[in-house]
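Following: one structure in structure tokens, then a few remarks.
Counting convention: from 1, in listed order, for ligands and their atoms alike. Counting begins at 1 with the first residue of the sequence.
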Amino acid sequence: MAINEIFPEVHRFLAKPQQLFIGGQWTDSVSKQTFDVENPATQEVIAQVAKGGAADVDLAVDAANQAFKTWRYEIPATRAKLLYQLADLVEKHTEELAQILTLDNGKPLLYSRHECGGAAHILRYFAGFATKVEGRQVPVSGAPQGTFLNYTLRDPVGVCGFIVPWNFPLTMCIWKLAPAMAVGCTAILKPAEQTPLIAVRLMQLFQEAGFPAGVVNLVTGTGRDVGEPLSAHMQVNKVAFTGSTAVGKAIAQQATSNMKRVTLELGGKSPNIFLPDADLSKAIPGAAQAIFYNQGQVCTAGSRLYVHEKVLDEVLDGLCKQAQGMKIANGLDESSTMGPLVSERQYATVNRYIQQALAEGAELLTGGQRPTGFDQGYFLEPTIFLDREEKACIAKEEIFGPVLTVMSWSDTDELIERANNSIYGLAAGIWTQDLSQAHQIAAKLEAGSVWVNCYNVVDPVSPFGGYKQSGWGREMSHDVIEAYTETKNVCVNLY
Ligand code: NAP
Ligand code: MG
């Protein structure tokens, strides 16, 4: 199928060097430097974006602090209305935003459209929260009834720094911005240097929706130049980060400068478990989607597949067919179900893991190569290894690419031990028709999300986050409201 024509408005957007958004103004970085943005399907430079630094972070933090003075007292219904308006704009511009996402990240248009639809949905979910940030009235325990009025309030935590990765360039911004805006925080956003474009376009939509100047600010640039000063900044009250565990640890340390609040959504090596009675007609495509969706660049990717030995052969056969049936193509091709990896660096990392797995004796069942017919772009075949005894590093380390490691099991207690034997604890999957067993296993898994007979069902009503080195705190759902508010107790003597 032919590659979609790029819309004229997208051409115009790409042609213009993109600036920082600070205090409601579009501005060059203090250094006037820019950096190139690459399309990973063609390796072409498609845009230039301002290269921010510590001086720009200072300006953005000043603007966010200034805006916080009034935004925190804005009528909750007004904050809700602005978020609804932003959701409408995201929806209205879905096709254009999807093209920008695909051009910058490489993912198939189908999934870019999902990301836009999901963003609008999440914005509306949190718009509803703007009017529902509630405290409690708690009778004091050491005095007669009616002598004290004792209650709690929830105050917005203040200026937030948001550092987001490249795998879901729009979703990750919205996960953080939507609840923060709802409760009256202000923000400085730093997108990943690989995928800054959608964040720029999102700022334009914030402006069009009518958010006051300085409530949300954008500083594009590298982790070192922008992420570090932002997470160390003395006037930033909270940092929320999604990305690698290594950088998450650095951010946690940087954030101690002023004891800012920290939430971290980090890596994973999630176990996906097939019981012997799983309905394989659903489990096999489910497991393939769990690892190959978004080219495997998903923190919850079901990258460790534990298959009961009774069904191993049938499952391996089915999984290979699923992998070979994927349509690898430029994401702008409507038939594409797998685009390129995001960058040369990520492509090199994943290939290194494949070579190491081969050297360590894992059995390559399918994939592992650049697909034929592709001489440009970071395309890689969906890859499946069998590593029965769980010896290779690909059974332990997060790869963040389309590489599945399959292992077999026979004893349930041992299975649970193996599944939990990871520094990570982000997600897990269970496929079975025995729901009683599914609940029992779910109760024992060390994972923030457990999906039974499904995978990656991520919804704003469900708390999302990890055990162990997969992070700190939870995003989404009403749980996240805690991360963006401080609890204040007010105790009034009524005499
Ligand atoms: P990363 O280094 O963790 O980057 C994520 C974000 O943090 C980017 O915006 C990055 O800026 C910024 N950053 C880097 N160093 C920083 C520092 N010292 N202080 C503050 N911010 C900093 O992720 P990556 O290098 O892009 O990918 C490497 C690995 O991370 C992947 O292979 C994967 O394992 C993992 N990862 C996980 C997720 C997830 O959803 N949990 C998402 C993406 C990647 P730059 O613009 O300089 O990169
Ligand atoms: Mg890019």
Any Thr349 heavy atom less than 4.0 Å to ligand 1: no
Val226 contact mode with ligand 1 (heavy-atom cut-off under 4.0 Å): neither
Shortest protein heavy-atom distance from atom 30 (O) of ligand 1, along with the residue and atom involved: Ser244 CB, 3.0 Å
Atom 32 (O) of ligand 1: nearest protein contact (heavy atom, Å): Gln346 NE2, 3.2 Å
Shortest protein heavy-atom distance from atom 27 (O) of ligand 1, along with the residue and atom involved: Trp166 NE1, 3.7 Å
Numbered atoms and elements of ligand 1 in range of Glu398, under 4.0 angstrom, heavy atoms: 33 (C), 34 (O), 35 (C)
Distance from atom 16 (C) of ligand 1 to nearest protein heavy atom, with residue and atom: Val247 CG1, 3.4 Å
Residue-ligand contact Gln254/ligand 1, heavy atom below 4.0 Å: yes
Ligand 1-proximal atoms of Arg224, by part, heavy-atom distance under 4.0 Å: neither
Pairing of Glu397 and Lys269 as salt bridge, 4.0 angstrom limit: no
Lys/Arg-Asp/Glu bridge criterion (N-O < 4.0 Å) met for Lys391, Glu360: no
Ligand 1 versus Leu266: contacting region, heavy-atom distance under 4.0 Å: backbone
Atom 5 (C) of ligand 1 [closest protein heavy-atom partner, distance rounded to 0.1 Å]: Phe241 CE1, 3.7 Å
Closest approach of any protein heavy atom to atom 9 (O) of ligand 1, naming residue and atom: Val164 O, 2.9 Å
Which segment of Glu193 sits under 4.0 Å of ligand 1 when only heavy atoms are counted: both
Protein heavy-atom partner closest to atom 28 (C) of ligand 1 - residue, atom, separation in Å: Arg345 NH2, 4.1 Å
Ile251 N/O under 3.5 Å from ligand 1 N/O: no
Protein heavy atom at shortest distance from atom 38 (C) of ligand 1: Phe400 CZ, 3.3 Å
Polar atom proximity, Ser231 to ligand 1 (N or O, under 3.5 Å): no
contact_flag Phe168 ligand 1 heavy-atom lt 4.0 Å: no
